[in-house]
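Step one of this worksheet: look at the structure below.
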Amino acid sequence: MEIIKYDSEQGKQLFNRLLNRSKQNEGKFQETVDEILKNIKQNGNKAVFEYTKKFDGFDVNENNFKVTRAEIKKAYAETDPDLVEVMEKAAERISAYHQKQKLNSWLEPNEKGEMLGQLIRPLERVGVYVPGGKAAYPSSVLMNIIPAKVAGVKKVIMTTPADKNGNVNPNTLAAADIAGADEIYKVGGAQAIGALAYGTETVGAVDKIVGPGNIFVALAKKSVYGSINIDSVAGPSEILVIADESADPVFVSADLLSQAEHDELASAILITTDISLAEKVNKEIYKQAEKLERKEIILKSLEGYGGIVVAPDIKTACELSNKIAPEHLEVSIKEPFSALRYIKNAGAVFLGHYSPEPLGDYMAGPNHVLPTGGTARFFSPLSIDDYIKKSSIISFSKEALFDLGDDIITFAEAEGLTAHANSVKVRMNKG
């Protein structure tokens, strides 16, 4: 990777590449997605079954569409018992963390006869999309479903593609059962999003869809947004490490590689105050990459969206990081908590030499569904808030309304809304 001075032209070019890497040519896929969604809205199961057979080779019908308890039992038998134990442990930690995010409804009266408050209720039905094939990540199943169940969502419906024989990845099914999925259907792609959004004879429509997917899934989620809610449209993964002379170049290199292996568009950036560390990491990262299975993907990621930036101090390093607003931010410095005062934009912040990013992916407890592509400037990690809705509560006595009545009338008439004003006037005129 190139070692770049923080205020150089190369540094600006690197940041521009990062900010624009997610902009894919979506137009050529949108027409296909629109057609799929329209067909499913009109024809329900029939359309879902046709697309599933066409794209996945699975001859699906009403009898084999839904995953059965027998299939889940079989999945447990095919899943490594050690992995089951680890997933159960992770589920407990994820649940405990998200329990702390729960909010309560509240009412606050005052002596004037006003009663204001907020009513918090879980969503009724949530759809969770889970990719299949090589992109089967049971950790993401836990991260998407468990917060919904903690929030009190009545029904969590999961969709995931099956192979041509109708089999779903056993690790995925075991994770879904551990997390508490209520129904699981064997369908993927834009057709799965259509089934969840509009409902079919078998799949009931949901209030919100969460979960990652390919370009067809992403575009389908964008298209149905408005009629239902969605979480966000995930972009390529990214990690940014801020490090000083106390950092171990072996650790830093390993952490950068942990994200570069995801995708050729993934980004791995080191911002350091120590030129010696920069040089050591630049050698070590390629040394480690040689031994990794996804070497080709890693090298393309590092070439396109990797870089080592030398900054004069930690404050400047944090300011540069804030511009990128990384999905994952590691602070690998002597006093990591001292940097928190400068950090504004990051999906998750990992503090200290022994808090590597994969800790957050699997076992720490906070959600690993994080804002990407710079959206940490205004988005937050997936949380309980994604599975609840809030209603305002307003109750005024006669005296309390009259106390504000003239103000309401003045406001309404200034906006030309005389019926609004009259709604209050008729009450005040009756005395």
Would you call D177-K73 a salt bridge at under 4.0 Å N-O? no
Between K66 and E71, does any side-chain N to carboxylate O distance fall below 4.0 Å? no
Distance-only polar pair, side chains of D34 and Q30, donor-acceptor under 3.5 Å: yes
Below 30° counts as parallel, above 60° as perpendicular, anything between as tilted: where do the rings of F350 and H328 land? tilted
Would K334 and D244 pass as an ion pair if we require N to O under 4.0 Å? no
Residue list, side chain to side chain contact (heavy atoms under 4.5 Å, CB included) with D385, at least two apart or on another chain: L103, S383, I388
So, Y185 and E183: side-chain donor and acceptor under 3.5 Å apart, yes or no? yes
Any carboxylate oxygen within less than 4.0 angstrom of a Lys/Arg side-chain nitrogen, looking at E50 and K46? yes
Expected output: side-chain K221 to main-chain S232 donor-acceptor under 3.5 Å: yes
Report yes or no: do D407 and T410 form a side-chain donor-acceptor pair below 3.5 Å? no
Determine whether the side chains of N144 and Y129 contain a donor N or O and an acceptor N or O closer than 3.5 Å. no
Side chain to side chain contact (heavy atoms under 4.5 Å, CB included) filter on R341, not counting sequence neighbours, yields none
